[in-house]
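To start, the structure under review is shown below, and the notes come after it.
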Amino acid sequence: MGARMSEATMDLGFELLDRHIVDKNEKPFGKVDDLELVIPSEGGPPLVQSLLTGPGALGYRLPGFVGRLTRALWRRVHPAEDPFPVKIPWGSVARLDYQIHLSIAAEETEVTAVEDWVSERIIRRIPGA
Amino acid sequence: MGEIVMTAESGARFGLSHVWVVLLGVVGIILYAEMAGRIATVTGRPVFDIVRERLGVNVGLMNLLASFLINLMTLTAEVAGIALAFEMVTSINYLLWIPVGVFLVWLIIWRVKFEYMERTIGIVGLTMLVFAVAFWKLGPDWGQVMKDVFVPSPPGGEPLATYMFFAVAIFGASLTPYEVIFYSSGAVEERWTKKDLIVNRTTAYIGFAAGGVFAASAIGVASMVLMPRGITVEDLVTVALGPAAVLGKLGLAAFLVGLFASTFGASLEVALSTGYSIGQFFGWRWGESLRPREDARFHLTIMVSLLIAALLTLTTLDPIKITELSVVFSAVALPLTYFPVLIVANDRGYLGDEVNGRVLNVTGSFYLFLIMIAAVAAIPLMIVTRMGS
């Protein structure tokens, strides 16, 4: 699992974290809110296993009260009992430039959970939505 | 609302001695709107995407929060402006018009397509140029005007701190953060491509220059109608005296239409900007071209912002005071929006060959320097001069 950025080196904090992600239809998917790294058993530098996105991931990067509030709200809204942040395996990354292009569609993942919640509970109840 | 109030106040008290600030502000907003528009056109990344990518999540979030609060203040002032325009026409207290005004703003955002909305605002807003006509008709001594603009001499009797306070406030009013947020997001909404870069430049130049002509001539009219009679500006009715005294009923009517169009237009733009900035920061789907059910969080943000603005106005706080506060805090927050724009406008990773040229960078950096001075000076000046009183 994971991918080694073989030839080019890249500053993960600057060129990957907080960048914009678009899905295979070039629609907004989210931001790279956190990274999951693994240390290979055969040794060597850590590899990026997956990108994490959404308030579930962001909540852990925000300090103090703001972070706790973000996580609590996300848990409240998320349909799952004990939700885990949305994970994008590195294999689903098609291409990188100033944004991250995925080879999957947003609808195939759980990334739309919060949007759907707001849409169903509030917005769709207003005429003309 | 910011420019309408601040220019009239300044003209009535300081004559033409603040017109140079308007000119400075217009060039600044043109430079930065063009940069932000170019970045958005080439990369599809409006301002708050860039803020997050360049400043990281913690500093970026503080930036987002500050911009959001200022947008709320601006929105409150603009919504009050719509209601005051209704009041001047109907003589029914403005507080009763606030729910009507806010509902109309929301309805337009909910139902009307971006292009129609933006074009209509732009065209109707041109009625504010009634101030330019009025100034022309007043027949000022143009030689003296040039002298007052380029060699400003604030009238005696006013402390320097008060003069500077108004300078910072007018600067803040002409460069409000929402304008750049809205402009760059608009480029994405209208799906500009590289071919539209010319459109970007022309829109930035003509649109903001028209705003500058309005602001400068509004100072001029106030300096010739209000100042000699010792009238100070405490409400919008006083602002209307200028065009009404010079052009009669027609002048008053044009002012009222222009007031409504510009406050209504600004309310739309600021309300959308609250949704744009937050949506872009968190990577949501956003925009007017989608149906509300598809970008529910974007629309919810706008609705909540409008509701807060309406409630703040209904506290019966003086709309003029809210406006003054909003432009001062705009001045404080300017570097937060403008700094990341200047940085990314130089990044080939984003823009390829469309990065800033050298002249643009020198001017852009000079403006960033000015913006920082204004930002640092704004609050101390506000306290020392007690909001210019």
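Numbers restart at 1 for each chain; the letters A, B, ... are given by sequence-line order, proteins then strands.
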With B/Leu314 via side chain to side chain contact (heavy atoms under 4.5 Å, CB included) - residues at least two apart: B/Leu95, B/Ile98
With a 6.0 Å cut-off (strictly less than), is the heavy-atom count around CD1 of A/Ile39, excluding the residue itself, greater than 12? no
Mark yes when over 12 heavy atoms from residues, nucleotides or ligands other than B/Phe339 sit less than 6.0 Å from its CZ; otherwise mark no. no
Which atom pairs, one donor and one acceptor, sit under 3.5 Å between chain A and chain B?
unit_1   : atom_1 : unit_2   : atom_2 : d
A/Asp18  : OD1    : B/Arg52  : NE     : 2.8
A/Asp18  : OD1    : B/Arg52  : NH2    : 2.9
A/Asp18  : OD2    : B/Val57  : N      : 3.4
A/Arg19  : NH1    : B/Tyr350 : OH     : 3.3
A/His20  : NE2    : B/Arg45  : NH2    : 3.2
A/Lys31  : NZ     : B/Asp49  : OD1    : 2.3
A/Lys31  : NZ     : B/Gln280 : O      : 3.2
A/Asp33  : OD1    : B/Arg52  : NH2    : 2.6
A/Tyr98  : OH     : B/Thr43  : O      : 2.9
A/Gln99  : OE1    : B/Arg45  : NH1    : 2.2
A/Glu115 : OE1    : B/Arg297 : NE     : 3.4
A/Glu115 : OE1    : B/Arg297 : NH2    : 3.3
A/Glu115 : OE2    : B/Ala296 : N      : 2.9
A/Glu115 : OE2    : B/Arg297 : N      : 2.8
A/Ser119 : OG     : B/Arg293 : O      : 2.9
A/Pro127 : O      : B/Trp110 : NE1    : 2.9
A/Gly128 : O      : B/Arg111 : NH1    : 3.1
A/Ala129 : O      : B/Arg293 : N      : 3.3
A/Ala129 : O      : B/Arg293 : NE     : 3.3

Bottom line for A/Leu58: the part with an atom under 4.5 Å from chain B's heavy atoms is side chain
Residues in side chain to side chain contact (heavy atoms under 4.5 Å, CB included) contact with B/Ile379, at least two apart in sequence or another chain: B/Phe329, B/Val332, B/Ile383
Applying side chain to side chain contact (heavy atoms under 4.5 Å, CB included), name anything that partners A/Ile122, two or more places apart in sequence or on another chain. A/Val118, B/Leu300
Toward chain B, the part of A/Val66 with a non-hydrogen atom under 4.5 Å: side chain
